Protein chains: 2
Amino acid sequence: MAKTRAPGPIRAATAHDVARLAGVSQSAVSRAFTPGASIAPDTARKVAEAAARLGYRPNLIARSLITRRSSIIGVAAAYLENPFYPAMLEALSTALEGAGYRVLLFTARPGESSDPILEEVLRYRLDALVMASASLSSRFALECRQAGIPVVLLNRRTEDGATSSVTGDNHGGAALIARFLAAGGHRRPAFIAGLENASTSREREAGFREALAALGLPPPLRAVGHYDFAEAARAARELLSAPERPDALFCANDHMAFAALGVARREFGLEPGREVSIIGFDDAGPASWPVVDLTTYAQPIQPMAARVLSILSHHLADPAAPAVGAVMPGELVLRGSARLPPQGVVTQEGRLVWKP
Amino acid sequence: MAKTRAPGPIRAATAHDVARLAGVSQSAVSRAFTPGASIAPDTARKVAEAAARLGYRPNLIARSLITRRSSIIGVAAAYLENPFYPAMLEALSTALEGAGYRVLLFTARPGESSDPILEEVLRYRLDALVMASASLSSRFALECRQAGIPVVLLNRRTEDGATSSVTGDNHGGAALIARFLAAGGHRRPAFIAGLENASTSREREAGFREALAALGLPPPLRAVGHYDFAEAARAARELLSAPERPDALFCANDHMAFAALGVARREFGLEPGREVSIIGFDDAGPASWPVVDLTTYAQPIQPMAARVLSILSHHLADPAAPAVGAVMPGELVLRGSARLPPQGVVTQEGRLVWKP
DNA sequence: ATGAAAGCGCTAACAG
DNA sequence: CTGTTAGCGCTTTCAT
């Protein structure tokens with residue numbers, strides 16, 4: 001009577017099984033699956049055949065244990081309601097997958113410290129960590145560095161600059177917006193801030209204020225939207241109710257501008273682009289939808305993702321390399337939500353941008 | 001002269017190091033980090049101290065090799081431009097993280113077969129796989145099953161029903177929309193399809209047509225938007241240019257409805273909700289933005305994510321359990337883009353829904 | 001309750 | 001080019 005296989009989870013074939021079937025040693029099997037290894041074509045063929053027959057796939061877990069590299073990169077993301085982040089995540093994931101990495105996703109609960117989840121980064125021996133949006137304690141960044149795990153911040157930066165980062169040109173973009181508004185004849189600009197402690201919001205505000213001052217315009221009215229849709233709507237409401245109503249609203253990101261757009265049109269009957277100008281920052285997907293049609297400073301998503309990968313590779317190759325802070329230039333994309341100035345409007349790659 | 005540590009990536013502390021420092025055996029250290037294990041409180045304390053001193057963290061890779069469980073679940077997602085998916089991804093990730101799993105993200109390139117990436121699923125010995133949006137060859141699903149890896153499809157279903165799935169009530173929701181339009185006095189409804197071979201689009205169309213027929217209304221005009229923004233805009237343009245202009249547009253998902261909204265208002269000067277009714281499916285984030293204000297059938301994102309987890313747990317506990325196809329009921333959320341019928345409009349949890 | 005010993009499936013010297 | 005031999009860091013019997 002034939003002995004039947006035990007039921008339940010059939011154990012996957014191992015390199016040993018393949019070796020036995022192919023009549024070679026187990027190390028030969030290993031070599032057959034290692035790109036650069038020296039192996040006779042004939043042996044490789046025999047192994048390939050046996051492997052195919054058994055449905056063998058090298059166990060990456062076992063490989064990682066030895067090589068101490070998992071080919072997995074942690075990506076901490078949150079705030080996915082803001083359509084900028086899914087786009088960034090997709091670009092980043094594509095870039096990393098293209099380079100042979102897998103992405104382990106951490107969606108930090110807003111408010112929660114990201115540290116507990118990030119403990120896992122160390123436990124799983126991830127090759128590197130990309131922090132998009134979530135905050136990171138400097139203690140943890142240090143610990144990662146000690147463990148030899150490169151960290152790159154995306155669209156975020158620490159005070160000390162000790163951790164590598166990739167950001168858009170927050171300061172320059174905001175300054176450009178100030179000049180754009182001035183050129184368009186706006187005289188009472190206002191600003192809706194994001195989170196007070198976020199580098200993006202602070203840098204954008206600083207760039208805006210400084211440029212405004214340099215142009216001889218008054219400092220902007222200001223309200224805080226905490227990068228939250230409902231709170232941004234409240235902020236817009238507050239600003240548009242001011243005795244001297246602002247003639248322009250610069251929102252620290254598109255997500256808040258989407259809220260402001262609705263408030264202006266539906267609650268104040270102000271047509272964006274005609275009676276009030278509303279400008280965002282990011283060029284998140286919906287900004288280009290005709291129903292939304294938001295003028296905004298576009299962050300270059302693909303190049304930013306590519307830059308993250310290159311910095312990561314750089315750190316992986318040389319663990320002692322110093323941190324780099326990459327600032328990627330973007331463009332002011334002109335749509336219907338802000339009045340155009342008489343000069344500097346040019347078409348570029350099928351879209352209107354402002355080049356003073 | 002004191003011997004200094006070798007430079008470069010300092011090797012992380014192992015259970016052996018901790019054991020040596022604590023003066024216990026390596027297995028004692030293992031037990032100290034295993035929740036249910038029998039260990040003397042005193043020993044546990046000594047181990048904890050030594051571990052803290054060395055910054056020791058159990059290597060999950062090594063553990064996985066033995067336990068054959070990685071606590072990692074693969075999630076294949078794509079089409080993140082459609083804001084429904086980031087929301088789903090976030091909910092799913094939160095649910096899985098809450099249950100102690102990590103999420104390995106696969107962003108299948110559109111068009112590409114998902115199989116090559118999914119090979120990785122097998123190599124990494126993932127515990128399970130959730131397919132949101134990406135297509136999955138039945139060959140691969142079979143292979144996963146043979147390898148004992150549970151697969152759950154999210155917002156997608158196979159013909160044969162051999163793979164577990166969680167979907168919204170596509171047929172029922174679409175039928176409800178048909179009845180809603182009829183009740184609102186619409187007489188010439190049209191339909192914008194998504195991808196012709198997607199179960200979501202097919203089921204929504206079938207539900208819509210059948211209900212329309214039952215109501216004695218003519219079959220809807222039809223155009224295909226392929227779940228793509230630009231193509232959906234084209235489809236809307238085509239339908240709204242028809243000699244007998246439709247008085248309602250049901251789009252197979254919100255993302256396409258966002259495009260239709262823009263076309264109606266900007267290109268045809270038709271105010272959605274007054275001159276033409278536009279309805280979507282999903283209740284993706286922007287649908288509720290006042291600038292957008294889309295009437296749509298809401299899929300219950302959180303419950304769907306929770307259901308995926310429960311089905312996964314079920315399959316993990318019993319690998320031989322049969323596939324289940326969960327259909328989660330949603331609600332028709334009323335906003336400004338579609339004319340309201342005189343009856344059945346009720347307020348529920350702060351929003352307007354239709355309960356005929 | 002604890003330690004010794006045997007692997008998990010694989011890679012990486014090392015001889016041949 | 002190939003097989004043999006050690007482990008990677010951990011969990012898990014099995015005695016004690």
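Just so we're on the same page: letters track the sequence lines, and every chain starts at 1. Any value given below was found using the heavy atoms of this structure, including those in side chains, with hydrogens, waters and symmetry copies removed. Please read these numbers as outputs of a predicted model, since none were measured by experiment.
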Taking only the side-chain nitrogens and oxygens of A:Arg11, find out if one of them lies under 4.0 Å from OP1 or OP2 of C:dG9.
yes

Whole angstrom is fine here: how far is it from CZ in B:Arg125 over to P in C:dC8?
14 Å

Examine distances only and state if a side-chain atom of A:Glu97 and a backbone atom of B:Thr107 form a donor-acceptor pair shorter than 3.5 Å.
yes

Provide, to the nearest angstrom, the distance between the CD1 atom belonging to A:Ile66 and the P atom belonging to C:dT11.
6 Å

How would you list, by chain and number, every residue that makes a ring-ring contact (aromatic ring centres under 6.0 Å, His included) with B:Tyr124, sequence neighbours excluded?
none

Compute the bend angle of the helix from C:dA1-D:dT16 to C:dG16-D:dC1 from the end axes (five pairs per end), rounded to 10°.
30°

Taking the basic N atoms (NZ, or NE/NH1/NH2) and the acidic carboxylate oxygens, is any pair closer than 4.0 Å for A:Glu49 and A:Arg53?
no

Would you find a donor on one side and an acceptor on the other, under 3.5 Å apart, between the side chain of A:Ser199 and the backbone of A:Arg156?
no

Which residues pass the ring-ring contact (aromatic ring centres under 6.0 Å, His included) test with A:Tyr85, not counting sequence neighbours?
A:Tyr79

Looking only at non-hydrogen atoms, find the nearest pair between A:Ser70 and A:Ser64 and report the distance.
CA-OG, 3.6 Å

Among B:Arg307, B:Met131, B:Met304, the one residue meeting side chain to side chain contact (heavy atoms under 4.5 Å, CB included) with B:Leu154:
B:Met304

Which atom pair, heavy atoms only, marks the closest approach of B:Ala32 to B:Val47?
CB-CG1, 3.5 Å

Which residue, B:Val152, B:Leu126, B:Val130, forms the side chain to side chain contact (heavy atoms under 4.5 Å, CB included) with B:Val75?
B:Val130

Go through DNA chain D in 5' to 3' direction and return only the first and the last nucleotide with some atom under 4.0 Å of chain A's heavy atoms.
D:dC1 to D:dG9

Where along residues 16-38 of chain A does a heavy atom come under 4.0 Å from DNA chain D, residue by residue in number order?
A:Val24, A:Ser25, A:Ser27, A:Ala28, A:Arg31, A:Ser38

Where B:Ile149 and B:Leu129 come nearest, the two heavy atoms and their spacing
CG2-N, 4.3 Å

The correct set of residues in residues 43-63 of chain A placing a heavy atom under 4.0 Å from DNA chain D is A:Thr43

Looking only at heavy atoms, the pair that brings B:Val29 and B:Ala15 closest together is CG2-O, 3.7 Å

Spell out, as yes or no, whether a donor-acceptor pair under 3.5 Å connects the side chain of B:Ser165 to the backbone of B:Gly325.
no

Hey, is the main chain of A:Leu122 close enough, under 3.5 Å, to the side chain of A:Arg125 for a donor-acceptor pair?
yes

